[in-house]
Amino acid sequence: LPLLDTIEMPLVPVLTDMEWHGVLIDRERLAEIARGFTTELIALERQIYAAAGTDFNLNSTPQLRTVLFDKLQLPPLKKTKTGASTDFEVLEQLAAMGHEVPRLLIEYRELAKLKSTYVDALPGYVNPRTGRIHTSFNQTGAATGRLSSSDPNLQNIPIRTPRGEAIRRAFVAAPGCVLLSADYSQIELRLLAHLSGDPAFLEAF
């Protein structure tokens with residue numbers, strides 16, 4: 001009850017303000033990223049066709065199965081009800097064996113997903129009156145107690161890749177304002193060090 005009274009309930013109006021205020025997005029930059037991603041996808045498509053020695057529908061599992069396992073004679077590593085699997089795990093294993101087509105397919109799928117999930121979808125969430133995206137912050141969505149975001153989910157945009165960083169740069173601050181990023185660093189281990197008083201933990205954290 002003290003947690004509810006002192007932390008959770010006072011947070012509700014803060015989250016309400018955040019949702020009403022929304023996040024500013026640079027639509028021109030996003031459109032520029034979309035054009036760049038489209039060019040990259042076309043180039044990857046050509047590379048895949050050249051490496052495979054044939055044109056085929058990259059989004060068709062039966063056609064991909066035929067190219068990988070019949071034409072290129074790659075080893076089928078996993079079976080499904082309809083035949084050899086072409087999922088990410090299989091492509092990753094085949095790519096690790098040095099096969100070019102699976103490696104290129106992984107890159108193509110990742111880029112296509114980034115484009116459809118974020119670059120193409122985010123402009124549709126922009127409120128025409130405010131020019132901002134008004135995501136929902138879910139206070140009780142995650143078991144760990146952290147906030148989650150939905151409609152759209154702004155927390156899943158990758159940060160460790162140049163393409164993910166490019167999408168994140170489309171989120172901007174209003175003139176005279178800044179965007180501040182803050183995150184707990186290994187908070188559980190720091191709490192453990194504090195509560196246990198263990199000398200080695202205290203020295204490490």
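Here, residue 1 is the first one in the sequence, and each next residue gets the next number. These numbers were taken from a predicted model, which means no experiment stands behind them.
The closest side-chain heavy-atom distance from N127 to I133 is not below 4.5 Å. Contact check for Y49 versus L58: side-chain heavy atoms found under the 4.5 Å cut-off. In this structure the side chain of T86 reaches within 4.5 angstrom of the side chain of F69, judged on heavy atoms. Residues T38 and K115 form a side-chain contact, since some pair of their non-hydrogen atoms from C-beta on lies under 4.5 Å apart. Using a 4.5 Å heavy-atom cutoff, the side chains of Y108 and K113 are not in contact. Residues L44 and L105 are not in side-chain contact: their nearest non-hydrogen atoms beyond the backbone lie 4.5 Å or more apart.
Every residue two or more places apart in sequence or in another chain that forms a side chain to side chain contact (heavy atoms under 4.5 Å, CB included) with L1 is listed here: L4, D5. When the salt bridge (charged side-chain N to carboxylate O under 4.0 Å, His left out) test is applied to R103, the partners found at least two apart in sequence or on another chain are E100. In this structure S148 satisfies the side chain to side chain contact (heavy atoms under 4.5 Å, CB included) test together with N138, Q155, sequence neighbours excluded. Under the side chain to side chain contact (heavy atoms under 4.5 Å, CB included) criterion, T6 pairs with no residue, sequence neighbours left out. Qualifying side chain to side chain contact (heavy atoms under 4.5 Å, CB included) partners for R132, counting only residues two or more places apart in sequence or in other chains: H21, L24, T130, H134, A174. Residues satisfying the salt bridge (charged side-chain N to carboxylate O under 4.0 Å, His left out) criterion with E92, sequence neighbours excluded, are absent altogether. For the salt bridge (charged side-chain N to carboxylate O under 4.0 Å, His left out) test, no residue two or more places apart in sequence or in another chain qualifies with D151.
Defined by atom type and a distance below 3.5 Å, a donor-acceptor pair is missing between the side-chain atoms of T80 and S85.
Identified under the side-chain hydrogen bond (donor to acceptor under 3.5 Å, both in side chains) test for residues 189-199, with sequence neighbours left out: S185-R190. Within the structure, no pair that satisfies the side-chain hydrogen bond (donor to acceptor under 3.5 Å, both in side chains) test touches residues 167-181, not counting sequence neighbours.
Across all their heavy atoms, S116 and A121 have their closest contact at O-CB, 3.5 Å. Across every non-hydrogen atom of P75 and M97, the tightest pair is CG-SD, 4.2 Å. The two residues G131 and V126 come nearest to each other via the heavy atoms C-CG1, 3.5 Å. Minimum heavy-atom separation, A34 to D120: CB-OD1, 4.4 Å.
Using a distance-only test at 3.5 Å, with no hydrogens or angles considered, no donor-acceptor pair links the side chain of E203 to the main chain of A200. Using modelled atom types, no side-chain atom of S60 and backbone atom of F56 make a donor-acceptor pair closer than 3.5 Å. Without hydrogens or angle criteria, K71 side chain to A52 main chain gives a donor-acceptor distance under 3.5 Å. With T135 contributing its side chain and S149 its backbone, the two residues share no donor-acceptor pair below 3.5 Å.
Shown are T117, I167, L114; of these, the side-chain contact (heavy atoms from CB on, under 4.5 Å) with I157 is made only by I167.
Apart from F137 itself, the hydrophobic cluster it occupies contains L11, V14, L15, M18, L147, where clustering links Ile, Leu, Val, Met, Phe, Trp and Tyr at side-chain heavy-atom distances under 4.5 Å. Residue L192 shares its hydrophobic cluster (ILVMFWY side chains chained together at separations under 4.5 Å) with L189, F201, F205. Other cluster members for L3: I7, joined by side-chain heavy-atom distances under 4.5 Å among Ile, Leu, Val, Met, Phe, Trp and Tyr.
Note that CG of L30 and CG of D26 are 8.0 Å apart. Values are rounded to the nearest 0.5 Å. Taken from CZ in R163 to OH in Y118, the straight-line distance is 15.0 Å, to the nearest 0.5 Å. Between the CG atom in L122 and the CZ atom in R27 there is a gap of 11.5 Å [rounded to 0.5 Å].
No single ILVMFWY cluster, assembled from side-chain heavy atoms under 4.5 Å apart, contains both L154 and V172.
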